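Given the structure is predicted, the values throughout are model-derived calculations rather than measurements. Lettering of chains follows the sequences in order, A, B, ..., and the numbering in each one begins at 1.
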4 protein chains.
Amino acid sequence: MSPRTKEQFEEIRKESKDKILKVAVVLFAEKGYASTSISQISKNAGISKGLIYNYFESKEDLLRQMILGLFEEMMPRFDLKDIKKLTREKFIELTDVSLDIVYENPHRWRLYTSIFTQPGIMDLFKEDLLKLTMPFIPLFIEYFKEKGHKNPEAMLRYYSATLDGIQLHILMDIENFPLQDVRELLINQFA
Amino acid sequence: MSPRTKEQFEEIRKESKDKILKVAVVLFAEKGYASTSISQISKNAGISKGLIYNYFESKEDLLRQMILGLFEEMMPRFDLKDIKKLTREKFIELTDVSLDIVYENPHRWRLYTSIFTQPGIMDLFKEDLLKLTMPFIPLFIEYFKEKGHKNPEAMLRYYSATLDGIQLHILMDIENFPLQDVRELLINQFA
Amino acid sequence: MSPRTKEQFEEIRKESKDKILKVAVVLFAEKGYASTSISQISKNAGISKGLIYNYFESKEDLLRQMILGLFEEMMPRFDLKDIKKLTREKFIELTDVSLDIVYENPHRWRLYTSIFTQPGIMDLFKEDLLKLTMPFIPLFIEYFKEKGHKNPEAMLRYYSATLDGIQLHILMDIENFPLQDVRELLINQFA
Amino acid sequence: MSPRTKEQFEEIRKESKDKILKVAVVLFAEKGYASTSISQISKNAGISKGLIYNYFESKEDLLRQMILGLFEEMMPRFDLKDIKKLTREKFIELTDVSLDIVYENPHRWRLYTSIFTQPGIMDLFKEDLLKLTMPFIPLFIEYFKEKGHKNPEAMLRYYSATLDGIQLHILMDIENFPLQDVRELLINQFA
DNA sequence: GATGAATGAGCATTCATTCAT
DNA sequence: TATGAATGAATGCTCATTCAT
């Protein structure tokens, strides 16, 4: 009977929302966005179908919020905020984080790859993600330029393509992927 | 007996089937497999829904036949059949073909990436594709071993991951991708 | 090139039609009328779908012609044409034929029961069948009247209901049905 | 938590489910299971197609639940639970109930006969129904044995076949069937 | 007579979304 | 806030039937 405080409500909201998002990440990653139903999400989260629409405008909105949330959660792992210039050490650390991050939460990563290679869906996030990553591009360009590369922009493309390819291959065979060997090759080549 | 000869029927069949496959490649590539309906395919192909089931047992079968067909169409481009040993020249040629192939038919390539990163779908082809590619793995291992790499298996992983990553990035920004520069980096590193 | 004679055509027609009917009896009996497709019939008969429509106006017409054909084929087994009056011997013979007929062609019989208990379908034949059986009703009525039954019409109903029930039960468990014992009970009671 | 109590939901569910079942009995009886569409059922019940799948897993499940429900509803009419031994009176009562039951709800009975003579469908229930009826078989065997029949098992077969045949004939001509006369014949013969 | 490609209405089923409570 | 009954459009698929050859 006692009315709940604003804070209590806020907490309840956050809890429910987090639960939904957590469950949805796993399901979307395992079965794909289009093949996961709101019904399944609600069942797995132990809540009612209707409640999901209390927190998200639509299934698409749920996907959007989820992806952005995951991204925001991931960015601090790179600890790039106050970096003005990339040292070799920092570059290696970033590379390591990029690889570790896949092993830490393969579900999430599988979700990323399935989303970002899915035609049409990618468009929902392109802009937001660009906004998040753009500030750091000059750091890498500068890094490669200082290393003496004539075309540092191309080098950055090459580096990020390689990184993406490796992340993909880790997912494809997470148990047998020769992480240490590949990491070494990667560092030797780019750092 | 027959009003049309077997050959006539065969031709009609081939024509219709090809039209369906052609339309389906584009739609699957543009909107994804799960989000493309049989109805849309039939509409775009200018035929009736039912006819598709005259040629394919199911939507899944359509996808399967399409992917395998595209693969078989692609394999000869690499001209690997009679190769017993990879020379540097051949290795470079293969690398070039791997890049060119994306530009030649981005639709098809987008389809590949969307299919092979889509959870659950990949399983339909894993075996078939393994069977097609497996014979050539030793060639590459041998190549890297002769080049003096201590761990040629890891090197092959690294190489193919890099290649996949680049193909992905080409698709993501096909107009601005610095193909020549990246190609050079790739060859310098692996060939 | 030589034109076929009318008789030859007639023969071809009859052969094809018989083949279709024969296959359809089995399929309808095994899977039911509604669940058997024209396509299956044509496949099992080794002919084309279209040909069926050369001989039958529709699926329903096929059913109609089949049932009536089977009936006409069955009637002579009872050899009732020239009977003016039922003797006890003839009555017993008719009863025996009624039972034997089920064992001789369970497919056909299963078809009958499935058709005649199927709402809506029965109506297609009611009239035709009545026309075929009606002439013999008085014979049975007379038979029971002579045996001293006060209500021979009711007795006929009782007799034919019993017969139908037994035929049904034979079909339900054709291997274990105690035919001889039941036959004896039947004869003792009605003959 | 809940806006409606569990009981309220239960009631709503029961009401909808009953309405669906009620409509489906009639339609299945009139047109047959295979020829009745979910769409027709929903239309006749005044609800949406989708709702049916809220209560039944599939069309087959709907049939299953319906048949078993009807059976369970019917069994108490025979009041056999506590019977240890069949008296003549009880036997006659059971026979009467078996006949009355058809008149009470011809729709339901037509459904039974159409279902149980329909190839393939019967299999869905065979086991369940056997489980329900098996316990009472010995009672009848004992009854016929005590009446001096040498082969009481055959006698039971004969009795139940006769009963089934009569039920069938009642359905075929419910208005003119001479129930009283036939009932008398039946009782004279078996009781 | 005979073929089978082609049609399109219809089917069982799924699912994002709404809404009364 | 939270529920789940209810909707209806859409999906993959089937099938009786037509028709050019």
Side-chain angles (χ1 to χ4, degrees), chain A residues 4 8-9 12-13 15-16 34-42 47-60 62, chain B residues 1-6 8-13 15-17 34-42 47-60 62, chain C residues 4 8-9 12-13 15-16 34-42 47-60 62, chain D residues 1-6 8-13 15-17 34-42 47-60 62:
Chain A
R4 282 177 247 196
Q8 279 175 316
F9 268 126
I12 290 174
R13 278 191 74 84
E15 222 164 280
S16 284
S35 301
T36 300
S37 71
I38 291 290
S39 197
Q40 279 162 41
I41 295 173
S42 75
I47 55 156
S48 73
K49 245 185 305 186
L51 191 56
I52 291 181
Y53 286 87
N54 226 319
Y55 298 114
F56 305 96
E57 282 184 4
S58 64
K59 195 185 173 189
E60 202 180 284
L62 167 56
Chain B
M1 279 290 169
S2 271
R4 285 183 234 198
T5 63
K6 249 184 192 166
Q8 280 175 312
F9 274 128
E10 204 51 53
E11 204 175 325
I12 291 174
R13 284 187 71 82
E15 221 162 283
S16 283
K17 207 173 166 177
S35 301
T36 300
S37 73
I38 291 290
S39 196
Q40 281 162 35
I41 295 172
S42 74
I47 55 158
S48 72
K49 238 186 312 181
L51 190 57
I52 292 181
Y53 290 89
N54 226 326
Y55 299 110
F56 306 96
E57 282 185 2
S58 62
K59 193 186 174 189
E60 201 180 286
L62 168 56
Chain C
R4 283 177 246 197
Q8 279 176 313
F9 267 126
I12 289 174
R13 279 191 71 84
E15 221 164 282
S16 284
S35 302
T36 299
S37 72
I38 292 289
S39 196
Q40 280 162 41
I41 295 173
S42 74
I47 56 157
S48 73
K49 245 185 308 185
L51 190 57
I52 292 181
Y53 286 87
N54 226 319
Y55 298 115
F56 306 96
E57 281 184 3
S58 64
K59 194 185 173 189
E60 201 180 286
L62 167 56
Chain D
M1 280 291 168
S2 272
R4 285 182 234 198
T5 63
K6 251 185 191 165
Q8 279 174 312
F9 274 128
E10 204 51 52
E11 203 175 326
I12 291 174
R13 283 188 71 82
E15 221 163 281
S16 283
K17 205 171 168 178
S35 301
T36 300
S37 73
I38 291 289
S39 196
Q40 280 162 34
I41 295 172
S42 74
I47 55 160
S48 71
K49 240 184 311 182
L51 190 58
I52 292 181
Y53 289 88
N54 227 323
Y55 299 110
F56 304 97
E57 282 185 1
S58 63
K59 195 186 173 188
E60 201 180 286
L62 167 56

With respect to the side chain of D/Arg13, which nucleotide from E/dA5, F/dC13, F/dA5 is positioned closest? F/dA5
In whole angstroms, the gap separating P of E/dA12 from CD1 of D/Ile52 amounts to 9 Å
Remember a base hit wins even if backbone is also touched, and classify D/Ile47 as base, sugar-phosphate or nothing at under 4.0 Å, heavy atoms. sugar-phosphate
Nearest heavy-atom neighbours spanning D/Ser35 and D/Gln40: O-OE1, 4.1 Å
Checking all strands, does C/Thr36 fall into the base, sugar-phosphate, or nothing category for heavy-atom contacts under 4.0 angstrom? sugar-phosphate
Looking for any heavy atom pair under 4.0 Å, which part of the strands does C/Leu51 touch: base, sugar-phosphate only, or nothing? base
Test side chain to side chain contact (heavy atoms under 4.5 Å, CB included) on A/Ser16 and A/Leu51; report intermediate values, then the result. CA-CA 9 Å; A/Ser16 284; A/Leu51 191 56; 4.3 Å; yes
Using whole Å, report how far CD1 of D/Ile38 lies from P of F/dG12. 20 Å
Under 4.0 Å between a side-chain N/O of C/Ser16 and OP1 or OP2 of E/dA2, yes or no? yes
Complementary nucleotide of F/dC15, counting Watson-Crick and G-U pairs under 3.5 Å: E/dG8
Closest to side chain of A/Lys59, choosing from F/dC13, E/dT17, F/dT17: E/dT17
Taking all non-hydrogen atoms of both residues, which atom of D/Arg4 and which atom of D/Gln8 are closest, and how far apart? CA-OE1, 3.1 Å
Which nucleotide sits closest to the side chain of D/Ser48: F/dA16, F/dT7, F/dA2? F/dT7
Whole-Å distance, D/Ile12 CD1 to E/dC19 P, equals 17 Å
For A/Glu60 and for D/Ala34, find the nucleotide of DNA chain E with the closest heavy atom, then tell me which residue's nucleotide is more 5'. D/Ala34
Between B/Gln40 and F/dT11, is there a side-chain N or O to OP1/OP2 distance below 4.0 Å? yes
Between E/dA5, F/dG8, E/dA16, which nucleotide gets closest to the side-chain atoms of C/Lys49? E/dA5
It should be established whether D/Tyr53 places a side-chain nitrogen or oxygen under 4.0 Å from OP1 or OP2 of nucleotide E/dT14. no
Would you please confirm or rule out a distance under 4.0 Å between OP1 or OP2 of E/dG1 and any side-chain N or O of C/Asn54? yes
Would you say a side-chain N or O of C/Ser37 is under 4.0 Å from OP1 or OP2 of F/dT14? no
Below the 4.0 Å mark, does F/dA2 have OP1 or OP2 next to a side-chain nitrogen or oxygen of A/Tyr55? yes
Counting Watson-Crick and G-U wobble pairs only, both distances under 3.5 Å, name the nucleotide matched with E/dA20, or none. F/dT3
Would you mind classifying the nucleic acid contact of D/Ser35 as base, sugar-phosphate or nothing, using non-hydrogen atoms under 4.0 angstrom? nothing
